Number of protein chains: 2
Amino acid sequence: MTQKRIQILDAAAELIADKGFVHTSVDDVIARAGLSGKSHFYHYFKSKESLGHEVLARQFDVLAERGLAILREPTLEPLERVNVFIDSVVALQAERGGRSSSPFGALATEMAAMDEGFRVRIARVFRSWTEEIAGLLGQVKDQLEEDTDPLRLARFIVATLEGATTMARMKRDVSLMHGVATDLKRFVAGHVRRSLST
Amino acid sequence: MTQKRIQILDAAAELIADKGFVHTSVDDVIARAGLSGKSHFYHYFKSKESLGHEVLARQFDVLAERGLAILREPTLEPLERVNVFIDSVVALQAERGGRSSSPFGALATEMAAMDEGFRVRIARVFRSWTEEIAGLLGQVKDQLEEDTDPLRLARFIVATLEGATTMARMKRDVSLMHGVATDLKRFVAGHVRRSLST
DNA sequence: TGTCCTTAGGACCAAGTAGTCCTATTCTTC
DNA sequence: GAAGAATAGGACTACTTGGTCCTAAGGACA
């Protein structure tokens, strides 16, 4: 029952990642997902817009599955988790050959511009990542320099990852993400108290 | 003669920043620019697409030049120029009230997805900034820590600024860019040799 | 066997849009 | 004052697209 639904979601995700949401027609999705026609599609989704919402939500879920698992991994030191998280974003991007999506992508930008609902959803994704990381940093605040603001640092991390992703996609060069990740980890390390850092 | 053309370009830029390229109709542009009708518009532009190209090109020029002008400002110390550049990106975003406008905004992303030429154009802006910054850092390499890689650091700076811009736009909160900018400048300062930094 | 969900397929509508064409009037400029 | 460009305005075409509606066949399950 949900099987076909997921097929549709996947087909749509691919098409959108490729051509953007606006340039993906319902008929495209129907063809790609192997549906019989409009009625078949509308049997599963109320509208194209709701499809878009679900695609975004699903994309976030996929990323969240990986990302949040890392950020909550109890066997790792909090700061180490942040590092592994950074690497995982890079890895995910590399593995998808630069054509990712998710909030750390461009599809989001396009969708946000055309629909306020989408924008809000994406803003929420940014926030949840930021808060998750900030929470983690807050846990180890005693290990950080006194003037370190966990929230601000978290925002910085998220912003940089997002920027690196976009840059990599535009330049068609995933490799540069590694360099950015290296510096980003160093940036985080720079907030660790000197007395503890060695 | 070019006056009206510019009016049209400006009107289109505003509309596109607001609703995206696809959702901006030629009639919208006509209304906003105060033209008499289709014929009036097509008197100046060959097609909607060519209008899009020109709008984008114009924005890029303004932005790229603005950035490069700062990075090449001879009266400032190289490292100071980088700081001013960072601030200027923030200022630009703030001044436009978080509304699109950046080269990595809605239009650029949307167009990049559907047109290879646009993508290349965006990549070029990234590259010119990155190279300019890297060159600047290279000039003062003797003032920097030995393990500092100018190119990598330059990429980091550009990526972070881009990410912060996108995040600010999504969250409709320009203020968070200030925090990112502050941290970014501090990070750059952190690469200056200890013996020189005081 | 009967019921309900799924798949099929197509007709159709309403709306919006890019772009063409045609005719006039006004404004510049030589 | 004549020529050409700019402005005005509207009719009209061709096409795409989201979405509705209707009918009917196949499958699952009780």
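When reading the values below, keep in mind they use all heavy atoms of this one structure, side chains included, and skip hydrogens, waters and symmetry mates. This is a predicted model, so every value here is computed, not measured. Letters A, B, ... are given to chains in the order of the sequence lines, protein chains preceding strands, and every chain is numbered from 1.
The environment of B:Glu73 atom CD is dense: over 12 non-hydrogen atoms of other residues, nucleotides or ligands sit within 6.0 angstrom.
Residue pairs meeting the salt bridge (charged side-chain N to carboxylate O under 4.0 Å, His left out) criterion with at least one partner in residues 123-138 of chain A, sequence neighbours excluded, are A:Arg72-A:Glu132, A:Arg127-A:Glu131.
In this structure, B:Glu80 and B:Asn83 have side chains that are in contact, with non-hydrogen atoms separated by less than 4.5 Å.
Between the NE2 atom of A:His43 and the P atom of C:dT6 there is a distance of 4 Å, rounded to whole Å. Atom pair A:Ile30:CD1 and C:dG10:P shows a separation of 13 Å (rounding to whole Å applied). Regarding A:Arg5, its CZ atom lies at a distance of 17 Å from the C1' atom of C:dT7, rounded to whole Å.
Under 4.0 Å is where a charged nitrogen must lie from a carboxylate oxygen, and between B:Asp87 and B:Lys185 at least one such pair does. Between B:Asp183 and A:Arg155 there is no salt bridge, since none of the side-chain N atoms of the basic residue sits less than 4.0 Å from a carboxylate O of the acidic one. Checked for salt-bridge contact, A:Lys19 and A:Asp28 meet the test: a charged N lies under 4.0 Å from a carboxylate O.
Donor-acceptor pairing under 3.5 Å is recorded for the side chains of B:Asp173 and B:Ser175. A side-chain N or O of A:Glu162 and one of A:Thr166 form a donor-acceptor pair less than 3.5 Å apart.
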Problem - Nucleic acid footprint by protein, nucleotides 15-22 of chain D - heavy-atom cut-off 4.0 Å, B for base, S for sugar-phosphate alone - result: ---BBBBB
Problem - Sequence-aligned protein contact record of nucleotides 25-30 of chain C, with B where the base is within under 4.0 Å of a protein heavy atom and S where only the sugar-phosphate is - result: ------
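The listed nucleotides are D:dG9, D:dA6, C:dT7; the one nearest the side chain of A:His40 is C:dT7.
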